[in-house]
Amino acid sequence: MAIERYNAPEREKHWQGVWDGKDVFRTATDPSRPKCYVLEMFPYPSGRIHMGHVRNYTMGDVLARFKRAQGFNVLHPMGWDAFGMPAENAAMERKTHPKKWTYENIAAMKTQLKSMGLSLDWSREVATCDPSYYVHQQRLFLDMYAKDLAYRRKAKVNWDPVDQTVLANEQVIDGRGWRSGALVEQRELAQWAFRITAYSQDLLDALKTLEKWPEKVRLMQENWIGRSEGLMVRWKLVPETVPSGETELEIFTTRPDTLFGASFMAIAPDHPLARAAAAKNKALADFCDECRRMGTSVADLEKAEKRGFDTGIKAVHPFDPSWQLPVYVANFILMDYGTGAIFGCPGHDQRDIEFAKNMQLPIIPVVAPKEEPRRAQAIAKVHEGVAYLDEGEMINSRFLDGLSPEAAFDEVARRLEKEVLAGKPVAERKVNFRLRDWGISRQRYWGCPIPVIHCGTCGTVPVPADQLPVMLPDDATFDVPGNPLDRHPTWKHVDCPKCRQKAVRETDTMDTFVDSSWYFARFTAPDAKTPVDKTAIDYWMPVDQYIGGIEHAILHLLYSRFFYRAMGETGHAGGKNLREPFAALFTQGMVVHETYKSEAGAWLLPTEISLEGEGAERRATELATGKPAIIGSIEKMSKSKKNLVDPDDIIAHYGADCARWFMLSDSPPERDVIWTEAGVAGAGRFMQRVWRVIDDVLEKAAPKGAKQPDVLGDEAMAVRRAAHKALDQVGKNIEGLRFNVAVAQLYELSNTMSAMLSKSGPGLDWALREAAEIFVQMLGPMMPHLGEECWTRLGYNTLLVEQPWPKADPALLVDDTVVVAVQVNGKRRDELTVSRSATKDEVEKAALALDSIVKALEGRAPKRVIVVPQRIVNVVV
RNA sequence: GCGGACGUGGUGGAAUGGUAGACACACGAGACUUAAAAUCUCGAGAUGGCAACAUCGUGCGGGUUCGAGUCCCGCCGUCCGCACCA
């Protein structure tokens, strides 16, 4: 008799209620048990979850449930990255308060996440906008300030004119704000920064230890930190050419070996020497202004010619007092790298050679290939304007001639370290980093207040610990741009904690990336009176598996690595004082979807069109007008392109298990998955199929707890082998996050059980029950609700989620007989079924006796026969 | 420009150097049905052949190996990251 369809939406609510009622996902710190901390990047509470969240959290949930079944004490928490601009924008647009907007969004999204059936410990929920969270962040800030890891500086900053705030270097992409897309301006402001550069070397070195991080992310961070080894060289200036008091110019170079190829010096328009010279030279001042106005976008840089302005200043070559070089202000020199000054060696630097050509400066090749004709070719190329960057030997370089560039580097360093200028060595070896300190001041309301007070007498005064948190005032106004804290009538006016005189609060708030730089630590003891609890953090950290999007490869992941070190420095990282917060990282791919446009070119939602046909014949029709619509490219799901599918709709229609299953199947988790209606429908069909197969199996299967029969026939053994092999493989594949492969194995086992229903044999009923139970337990992490439903149907009144992971019987993982392919000269000709224990000789004999092989040999005698036991025989003639 | 990844049927994708295409989607044929949906069974890389089978086949060209999707070298293509970093 046919059973009813499985009503996923209804049953899922039921099981979620059961889990909630028994509080099965609550986790306690318990050092007597092995732990596993599974974490997915927490969401920004935008108001709705999207398919990217569904994918991310499903992956984490499968792993968490699997680890739980394996006996680990699993920490799997969730929270909210709740400060940020959108809340303030909403406040401006809709006359609501950021706090109200945020908490309403959190409530809505929490309901959505709950409908996914995630095994989360909601008792550990944190929201970064809550004073109970940010009070600790302020504490951490003050401790970092005390250790000089946080400091205030006057600096040129990236100013986003649309968001009216400062951006960190990491948040400027192609010269535009990462959120607003507005062209970033340079402004000089006093602002707070974290001394991330204090850890440059350590952050770089430790990347090597992060073996369970994607190579790609480690490389991106390595490039971002950007270490280079070189020499700081101080050049004497010719006094009568210098308009101000400077007597020397310090430059950084990674190629001191090419010192004899120097033909000019170049300094940044903002270099002190340039400013001094510009003060007395109107034309130079104009040139510097022009450089500053120049855009920094990719397009601008490509167009920009290398140009310079001769300051008239002369520098003296460190190896030759009679050799004077002109000092230029040049538009391609960056003030914030090295010393903002270089020596130009046109022969071996592409920028320098372009500059030299434009400014008609000499070009002297000093490195060239050892042999002709390659040497002559390289030199000719240099004179055509192509810098020579490869290996070779030194030429035109006096005492360096004939040396390799590496040896020349050392020789120059050795000599210049001994030379003295104004009482100090002329040069010293120096390691330079591209990484800049992290500017964290934001001129916004909806962020963590920076807990300091500015006093006219005492200067910068930390807010005393007992006065924390510095709370955000609720009565702020959002009707005009700018910082609501700054224009608040009373909030910033306080008395100085030291001298009791009138003072003002810092009105900047922290970059929201600070909030997300330590939430993983807070999860280990979310109610602790201190930022973290030592016992809890020692037990739980590091995160054993972190899962999130590749877009955080640098920003969030680098900041967190720094912050965890800073927490260690300030005594907030527990007794083990680990430096790395995330032992393993997995970056999942995006959820992408086709895009649709109306004839008029407006984006259309998938629900606003209908599709028919297939392949090249596929046609879309706009439902509202009945007119043809255009099927566009496959893109990341986004509001702007309207190619969104609402998880709520899918869950309400097909069920959470179906959405989860679809997310896990098909695409490998690190690649993009294309959301298709057909794919989801397929997942839905599988869900129903499981329901039927389990029902059918139960009709044939032995009762629950039946004793294993003494005799098991071939059919029973085949079922057992299939089940245990799947068990072995699925476990390994979940562990390795190869969910798509694990899914395929579950399909296979369900097909096998299905096929066996029509068979009979000794003990098959018992084997089928065993297989069904194993199958349901493996299904559990992926389709947890259906898993519970089937578990009950199998006759149990326990919860599947509380069952230990079954163990595969090693004896069942290998077959008695194996199929061995037989090749002739590497070409497959036949196959052979032999006993597993057959010797090489036996296999070889049997292979050579095969009719097809005899035929393929055409009477030739085998020269060699390679037998790989249980795999392959290759007959070579 | 620098760095990296990837390239397998109609599609998504499997494959410790050892039978390429598991599994799924889409497709085709059949069964059930008044019919449809749902479900079930079967088929399927390409070419040739009624068939057994043969030949070709993992972007292209070489190489290593008894054996290469997998390793090495050189191209081509796609995607990603960084970028006037001295």
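Lettering follows sequence order; numbering is per chain, from 1. From a predicted model like this one, the values you see are computed outputs, not experimental measurements.
Taking only side-chain nitrogens and oxygens, A:Arg685 comes nearer than 4.0 Å to OP1 or OP2 of B:A26. For A:Tyr747 and B:A24, the shortest distance from a side-chain N or O to OP1 or OP2 is not below 4.0 Å. Residue A:Arg738 places none of its side-chain N or O atoms closer than 4.0 Å to OP1 or OP2 of B:G13. In this model, the phosphate group of B:C79 is not approached by any side-chain N or O of A:Arg671 to a distance below 4.0 Å at OP1 or OP2.
Between A:Tyr559 and A:Trp438, the ring planes lie parallel to each other; the angle is under 30°, not in the 30° to 60° tilted range.
Between A:Phe343 and A:His317, a ring centre-to-centre spacing not shorter than 6.0 Å is recorded. Separation of the A:Phe309 and A:Tyr328 ring centroids does not fall under the 6.0 Å cut-off. Ring centers of A:Phe586 and A:Trp213: at least 6.0 Å apart, outside the cut-off.
Distance CZ (A:Arg692) to C1' (B:A38): 8 Å, rounded to an integer number of Å. When the P atom of B:U16 is taken as reference, atom CZ of A:Arg871 falls 9 Å away, rounded to whole Å. Rounded to a whole Å, the CZ atom of A:Arg434 is 12 Å from the C1' atom of B:C2. One atom, CZ of A:Arg689, and another, C1' of B:U41, lie 12 Å apart when rounded to the nearest Å. One can place CD of A:Gln350 at 11 Å from P of B:C85, the figure rounded to the nearest angstrom. Rounded to an integer number of Å, the gap from CG of A:Leu746 to P of B:A22 is 18 Å.
With respect to A:Asp815 and A:Arg721, a salt bridge is recorded, a charged nitrogen being found less than 4.0 Å from a carboxylate O. The existence of a salt bridge linking A:Lys357 and A:Asp352 is excluded, since no basic side-chain nitrogen approaches an acidic carboxylate oxygen closer than 4.0 Å. A salt bridge links A:Glu290 to A:Arg307: one of the charged nitrogens lies within less than 4.0 Å of a carboxylate oxygen. Under the 4.0 Å criterion applied to side-chain N and carboxylate O atoms, A:Glu229 and A:Arg227 are assigned as salt-bridge partners. Salt-bridge annotation for A:Asp696 and A:Lys700: absent, with no side-chain N of the basic residue lying under 4.0 Å from a carboxylate O of the acidic one.
The side chain of A:Met220 has B:G81 as its nearest neighbour among B:G81, B:A86, B:G13. Closest to the side chain of A:Lys827, out of B:C56, B:G81, B:A14, is B:C56. Residue A:Thr254 has its side chain nearest to B:A86 when only B:C82, B:A15, B:A86 are considered. When the nucleotides B:C40, B:C23, B:A20 are ranked by their closest atom to the side chain of A:Arg828, B:A20 comes out on top. Side-chain proximity of A:Asn223 to the nucleotides B:A24, B:U19, B:G3 is greatest for B:G3. The nucleotide whose nearest atom lies closest to any side-chain atom of A:Glu831 is, among B:A22, B:U19, B:G3, B:U19. Comparing atom distances between the A:Leu334 side chain and each of B:U19, B:C85, B:C23 picks out B:C85 as nearest. Minimum atom distance to the side chain of A:Pro668 is reached by B:G13, of the listed B:G13, B:U19, B:C84. Nearest to the side-chain atoms of A:Ile872 among the listed nucleotides B:C85, B:G18, B:A22 stands B:G18.
Within the nucleic acid shown, A:Leu219 comes within 4.0 Å of sugar-phosphate atoms alone, with no base atom in reach, counting heavy atoms only. The residue A:Ile251 sits apart from the nucleic acid: no heavy atom pair falls under 4.0 Å. A:Ser228 comes within 4.0 angstrom of the backbone, heavy atoms only, and of no base.
With a cut-off of 3.5 Å on both pairing distances, the Watson-Crick or G-U wobble partner of B:G1 is B:C82.
Comparing A:Asn733 and A:Phe252 by the nucleotide of RNA chain B that holds the closest heavy atom to each, the one mapping nearer the 5' end is A:Asn733. Closest-nucleotide positions on RNA chain B for A:Asp830 and A:Ala678 were compared, and the one nearer the 5' end corresponds to A:Asp830.
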Could you list the protein-to-nucleotides 58-66 of chain B atom pairs, N/O on both sides, closer than 3.5 Å?
from	atom 1	to	atom 2	distance (Å)
B:C66	OP1	A:Arg864	NH1	3.4
B:C66	O2'	A:Asn874	ND2	3.0
B:C66	O2	A:Asn874	ND2	2.7

